[in-house]
Amino acid sequence: MRNIGIDVDSLTLLDQIVRKLSDGFAGLPVVDDGQGDLETMRPVLEEVASRLTDNYPYFHPLYAGQMLKPPHPIARLAYMLSLYINPNNHALDGGRASSAMEKEAVAEIAAMFGWDQYLGHLAGGGTMANLEALWVAGRSHPDRMVLASTQAHYTHERLSQVLHLPFRKVPVDRFGRMDLDGLQRILDEEQVGTVVATIGTTATGAVDPLPRLLKLRDRYHFRIHADSAYGGYFRLVDSLPSATREAFDLLGEVDSIVVDPHKHGLQPYGCGCILFKDPSVGGFYKHDSPYTYFSSDELHLGEISLECSRPGAAAVALWATQKLLPLERKGTFASHLAAGRNAAIELYHLIAADSRFLTAFPPELDIVIWLPKAASASKASNLSRQLFEQAAKHHLHLALAEIPEHFFDLEKAGMDRDRTTLTCLRSVLMKPEHDSWVGQIWTIVCQCLNELD
Ligand SMILES: *Cc1c(COP(=O)(O)O)cnc(C)c1O
């Protein structure tokens with residue numbers, strides 16, 4: 001098979017490992033499996049395979065658009081393997097091994113942030129993990145306001161509505177980071193319970209200025225929740241700009257952290273993680289449901305989680321991935337993150353050096369926003385959309401994003417400011433392979449722009 005990035009070889013390994021799993025239960029009496037004939041499933045699966053080609057090729061380096069990163073083969077294999085058991089990490093009765101593996105894997109993530117005392121677990125994703133963070137924030141600071149920047153993920157405003165917590169947005173500076181003078185004005189006016197610091201915004205990868213935010217906390221006594229759903233793993237990367245690095249170095253000082261293993265942690269979807277610095281927040285979760293069984297003196301994961309049934313498979317996949325690729329500062333996993341970031345910096349320089357294009361600021365993490373220049377913001381926005389479509393015809397898949405115009409120097413570019421946002425191209429260079437493909441990506445971009453002229 002031509003290697004276009006879909007791995008088939010690892011299935012032989014799965015075949016052998018499933019047999020090992022089956023051997024582990026060899027003492028059981030034989031049952032007639034009654035699972036049906038493979039040949040009746042074949043046409044259905046063939047149809048599935050054909051329908052699934054209606055997707056962008058997320059696994060390929062020429063997919064350089066949204067935040068989509070293929071799971072590591074070991075995550076895929078461990079996930080599939082555990083589906084033969086299908087454990088539920090709600091309660092130990094539903095998944096003893098996978099619950100233990102969840103605790104071990106989460107301990108490794110907590111250690112990445114320098115925490116050995118904490119409360120934490122996996123969740124369905126960043127949204128559920130942030131819901132839990134804001135729920136605890138609301139329980140510990142009832143009726144007080146939640147603040148997040150205009151570039152924070154929109155989920156914080158919506159989750160605050162769900163939790164009936166007052167919410168307000170804080171402006172950002174021209175680098176997409178929370179403007180702390182703007183924050184301080186709000187702190188002087190309102191009863192603020194929690195400030196959400198975004199450590200890697202979804203649009204541009206901007207990191208809020210945590211060092212100064214921590215100083216403001218000393219004065220105004222709010223909680224800090226770090227939403228590092230996207231950026232959290234960059235804590236392991238040395239080669240960050242110094243202000244960004246300082247924020248990551250202080251991440252352990254916040255009250256709660258969200259990180260998404262299904263974003264940068266090589267996991268299939270359905271894997272977020274929430275960590276609280278103070279384990280006593282576990283008291284907020286107390287319930288007296290008769291439906292949860294107590295077969296162990298240990299704390300059930302279901303007792304410290306808002307979600308009840310959760311896939312044990314997600315924990316098994318994460319555990320296996322971290323076993324193969326430990327969360328170490330100089331390790332292979334970290335070097336892969338750094339490779340994506342190198343690719344983003346290289347792309348940024350190619351764009352910045354080309355007078356036909358405009359870009360905002362150098363990437364703090366691995367996201368580049370850029371667009372072709374034109375006489376006005378609206379004309380450039382149209383051109384972005386055309387370039388996006390033209391590139392797709394050449395198998396180069398970019399993404400579009402609406403970005404505030406003040407992130408760009410329109411005056412210097414000689415462009416009319418006839419719109420408050422620019423429709424930009426957004427390239428999230430999450431795959432280490434991007435590092436060796438940037439040249440090719442740029443060649444296609446330039447060719448496409450010529451074709452549009
Ligand atoms: C992706 C993301 C979220 C939402 O997480 P999901 O896993 O998509 O539910 C929240 N915050 C930030 C900063 C994100 O990048």
Side-chain angles (χ1 to χ4, degrees), residues 58 65-71 75 106 109 113 120-137 146-163 167 169-170 172 175-178 194-210 213 224-235 244 247-248 251 254 256-275 305-307 310-311 314-315 317-318 337 340-341 344 363-369 399 401-403 426-430:
Y58 310 117
Q66 311 282 17
M67 265 172 195
L68 290 153
K69 181 172 181 169
V106 169
I109 293 177
F113 298 114
H121 59 85
L122 300 181
T127 305
M128 279 310 299
N130 277 308
L131 173 67
E132 213 148 312
L134 294 187
W135 177 69
V136 165
V146 175
L147 302 180
S149 87
T150 52
Q151 286 289 303
H153 199 283
Y154 66 82
T155 195
H156 296 287
E157 182 168 17
R158 216 152 65 172
L159 293 174
S160 298
Q161 282 168 13
V162 171
L163 296 164
F167 176 87
K169 283 183 188 171
V170 185
V172 293
F175 300 106
R177 303 170 183 154
M178 185 181 280
T194 302
V195 176
V196 177
T198 306
I199 305 300
T201 59
T202 315
T204 70
V207 174
D208 284 344
L210 197 52
L213 186 60
I224 300 179
H225 167 57
D227 181 2
S228 67
Y230 184 70
Y233 288 104
F234 281 89
R235 166 115 168 162
T244 311
F248 276 100
L251 206 43
V254 305
S256 53
I257 302 176
V258 160
V259 60
D260 261 358
H262 72 199
K263 286 251 178 81
H264 249 310
L266 300 164
Q267 299 310 296
Y269 285 112
C271 195
C273 179
I274 170 68
L275 299 166
S305 166
L306 284 183
E307 286 170 278
R310 290 185 302 108
L318 183 64
L337 291 180
R341 189 175 134 66
E364 274 189 82
L365 303 180
D366 54 3
I367 305 175
V368 193
I369 49 168
E402 287 298 315
I403 303 292
R426 170 164 163 273
S427 297
V428 185
L429 300 180
M430 296 180 87

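Every number for a ligand or one of its atoms is a count from 1 in the order of the listing. Remember, it's a predicted structure, so these values are computed and weren't measured experimentally. One-based numbering along the sequence shown.
Ranking the protein heavy atoms by distance from atom 3 (C) of ligand 1 puts His153 CD2, 3.3 Å first. Nearest protein neighbour of atom 9 (O) of ligand 1, counting heavy atoms only, is Thr127 OG1, 2.5 Å. Counting only heavy atoms of the protein, atom 14 (C) of ligand 1 lies nearest to Lys263 NZ, 2.9 Å.
Distances below 4.0 Å separate heavy atoms of Thr202 from the following atoms of ligand 1: 12 (C), 13 (C), 14 (C), 15 (O). Heavy-atom contacts of Asp227 reach the following atoms of ligand 1: 10 (C), 11 (N), 12 (C), 13 (C) (cutoff under 4.0 Å). For ligand 1, the atoms sitting less than 4.0 Å from at least one non-hydrogen atom of Asp260 are 5 (O), 6 (P), 7 (O), numbered in the order shown with element in parentheses. Residue-ligand proximity, Tyr230 to ligand 1, at heavy-atom distances under 4.0 Å covers atoms 15 (O).
Nearest-heavy-atom check against atom 5 (O) of ligand 1 across Ala203, Gly124, Gly126 picks out Gly126.
Using a 30° and 60° split on the angle between ring planes, His264 and Phe234 fall in the perpendicular class, above 60°.
Only side-chain heavy atoms of Asn130 come within less than 4.0 Å of ligand 1; its backbone N, CA, C and O stay farther off.
A donor-acceptor contact closer than 3.5 angstrom links the side chains of Arg426 and Gln66. There is a side-chain donor-acceptor pair under 3.5 Å between His121 and Glu132. Counted by atom type alone, Thr201 and Thr204 present one or more donor-acceptor pairs between their side chains at under 3.5 Å.
Using a 4.5 Å cut-off on side-chain heavy atoms (C-beta onward), Glu364 and Arg177 make contact. Val196 places a side-chain heavy atom less than 4.5 Å from the side chain of Val146. Side-chain contact between His156 and Asp227: present, with at least one pair of heavy atoms (C-beta onward) separated by less than 4.5 Å.
The shortest N or O to N or O distance between Thr155 and ligand 1 is not below 3.5 Å.
A heavy-atom separation below 4.0 Å is not found between His156 and ligand 1.
Ring centroids of His153 and Tyr230 are separated by 6.0 Å or more, keeping the two rings apart.
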